[in-house]
Amino acid sequence: MILELSVAKPYDFAQSVCDHGWVQLAPCYWDKERQALRHVQCLGTGKVALLHISAENTADVVTLRIEVEADTPLTTAEQDDVRQNVHWMLKLDEDFSAFYERIHQHPPLQERMSSGRGRLLRSPTLFEDVVKTITTTNTTWRQTIGMVERIVNTLGEPYPANPELRAFPTPQQVAAADDAVFTGVLKLGYRGPYVQQLAREIVTGERDLESLKHSDLPPQELRKELKQIKGVGDYAANTLLMILGRYGELAVDSEVRSLVSRLYFNGEAVTEAQIQDTYRHWDEWKYLAYWFDA
DNA sequence: TTCCAGGGGTAGA
DNA sequence: TCTACCCATGGA
């Protein structure tokens, strides 16, 4: 089955997907030959679908082609589910016109982004993105890839036609996994208990994480909410604000320190205040200005 | 062996 | 609000 979505220009699908490291984390996969994003997802009905998302440029718009495979034909509701998931993952709901306007004053950024970049890839659920963000803390990117792969391959629902492909596990599936699996198989280190606790809070109804996806709280309030999650500190909260389309805070980590030091301070060590000052004038677009600043 | 990687929680001031 | 210390894991 083929579903379609149209996106206003400028929009560079391939660049936008690949601009975020998330594309390297299971259950995402970038198919270079087809220039397509492959994704395994568990729909609301529990059905597991395999998606191949690619783009076609026409004169006026970019048309996204979503090829969906599943063991039985998708119902109308399931088709809507797929469209909504893809719409969310690719941030098609966000308006970047104000940011594109701002970068006119910055030729390097303008040149880099004029094709329509900035819509950084995210996951269908906020649960998946919080877990992935926690696995990026105090570790290397290679280890993050491994942690997420083990979470998906161990706990995720398999795609029936090819059980080697799995969806990201639901909070229920994560909460049901015992401690031995966390320590012996998933090897998340001290992050394990944070992921377990989050999954349990969602399952018991103690925390309604997904409602934050469409929250109209001001960024600072939203940030407070995110920091209530154990394992989410300043860096993770600001990363998640970006995921939620709020770009006014920098997620300062060793990568940011290194890039700001190299670009603006001749390789000398930088303080948090120096980093903040460097991007202060970008106001509500600081995160994107940093992200594409190289 | 030690250090540290896309940090965060906690206790104590 | 700030600081010191601890937290698994694995590669350099």
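Any value given below was found using the heavy atoms of this structure, including those in side chains, with hydrogens, waters and symmetry copies removed. Protein chains get the first letters and strands the later ones, always in sequence-line order, with residue 1 at the start of each. Bear in mind the structure is a predicted one, so any value in this text is a computation, not a measurement.
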**Message:** Within the 4.0 Å limit for protein heavy atoms, which parts of nucleotides 7-12 of chain C are touched? Write it as a string from 5' to 3', B for base, S for sugar-phosphate only, - for none.
**Reply:** BBBB--

**Request:** For nucleotides B:dA11 and C:dA8, find the distance between their P atoms and express it as a whole number of Å.
**Result:** 16 Å

**Message:** Does A:Arg122 qualify as a cation-pi partner of A:Trp88, given the criterion of NZ or CZ under 6.0 Å from the six-membered ring centre and within 45 degrees of its axis?
**Reply:** yes

**Request:** Enumerate the residue pairs fulfilling side chain to side chain donor-acceptor pair (under 3.5 Å) with a member in residues 285-294 of chain A, sequence neighbours excluded, ordered by first and then second residue.
**Result:** A:Tyr264-A:Asp293, A:Tyr279-A:Asp293

**Prompt:** Are the side chains of A:Met242 and A:His20 in touch, meaning some heavy atoms are under 4.5 Å apart?
**Reply:** yes

Taking only distance into account, with no hydrogens and no angle test, what donor-acceptor pairs under 3.5 Å do side-chain atoms of residues 217-224 of chain A form with protein atoms, sequence neighbours excluded?
{"residue": "A:Gln220", "atom": "NE2", "partner": "A:Glu249", "partner atom": "OE2", "Å": "2.7"}
{"residue": "A:Arg223", "atom": "NE", "partner": "A:Asn238", "partner atom": "OD1", "Å": "2.7"}
{"residue": "A:Arg223", "atom": "NH2", "partner": "A:Asp234", "partner atom": "OD1", "Å": "2.9"}

**Prompt:** Looking at DNA chain B, which of residues 253-292 of chain A put a heavy atom within less than 4.0 Å of it?
**Reply:** A:Asp253, A:Ser254, A:Glu255, A:Trp291

**Request:** Would you please name every residue forming a salt bridge (charged side-chain N to carboxylate O under 4.0 Å, His left out) with A:Arg246, sequence neighbours left out?
**Result:** none

**Request:** Please say whether more than 12 non-hydrogen atoms of neighbouring residues, nucleotides or ligands are located less than 6.0 Å from CG in A:Asn266.
**Result:** no

Please list every donor-acceptor pair under 3.5 Å in which a side-chain atom of residues 106-114 of chain A meets a protein atom from a residue at least two apart or in another chain.
{"residue": "A:Gln110", "atom": "OE1", "partner": "A:His104", "partner atom": "ND1", "Å": "3.4"}
{"residue": "A:Arg112", "atom": "NE", "partner": "A:Ala294", "partner atom": "O", "Å": "3.4"}
{"residue": "A:Arg112", "atom": "NH1", "partner": "A:Phe292", "partner atom": "O", "Å": "2.3"}

**Item:** Same-atom distance (C1') from C:dA4 to B:dG6, integer angstrom
**Value:** 23 Å

**Item:** A:Val62 vs A:Ser6 side-chain heavy atoms within contact, under 4.5 Å
**Value:** no

**Fill in**
Bounded by its outermost nucleotides with an atom under 4.0 Å from a heavy atom of chain A, the footprint on DNA chain B reads B:dA5 to B:dT10

**Asked** Do A:Val260 and A:Val256 have side-chain heavy atoms sitting under 4.5 Å apart?
**Response** yes

**Asked** When we call it a touch if two heavy atoms are under 4.0 Å apart, what does A:Leu186 touch: a base, just sugar-phosphate, or nothing?
**Response** nothing

Using distance only, find each side-chain donor-acceptor pair of residues 174-184 of chain A under 3.5 Å and give its atom names and separation, not counting sequence neighbours.
{"residue": "A:Asp178", "atom": "OD1", "partner": "A:Ala180", "partner atom": "N", "Å": "3.3"}
{"residue": "A:Asp178", "atom": "OD1", "partner": "A:Val181", "partner atom": "N", "Å": "3.2"}
{"residue": "A:Asp179", "atom": "OD1", "partner": "A:Gln196", "partner atom": "NE2", "Å": "2.8"}
{"residue": "A:Thr183", "atom": "OG1", "partner": "A:Asp179", "partner atom": "O", "Å": "3.2"}
{"residue": "A:Thr183", "atom": "OG1", "partner": "A:Ala180", "partner atom": "O", "Å": "3.4"}

**Request:** Scan residues 233-245 of chain A against DNA chain B and write down, sorted by residue number, each residue with any heavy atom closer than 4.0 Å; if none is found, say none.
**Result:** A:Gly233, A:Asp234, A:Tyr235, A:Ala236

**Request:** Provide the distance between the two C1' atoms, one in B:dC4 and one in C:dC6, to the nearest whole Å.
**Result:** 15 Å

**Prompt:** Under 4.0 angstrom, heavy atoms only, what part of the nucleic acid is A:Val252 near: base, sugar-phosphate, or nothing?
**Reply:** nothing

**Item:** A:Asp216: partners by salt bridge (charged side-chain N to carboxylate O under 4.0 Å, His left out), with sequence neighbours left out
**Value:** none

**Fill in**
Tracing side-chain contacts under 4.5 Å among Ile, Leu, Val, Met, Phe, Trp and Tyr outward from A:Val40 reaches A:Val48, A:Leu50, A:Tyr159, A:Leu165

**Asked** Can you list the other members of the hydrophobic cluster that holds A:Val61, where links are side-chain heavy atoms under 4.5 angstrom apart?
**Response** none

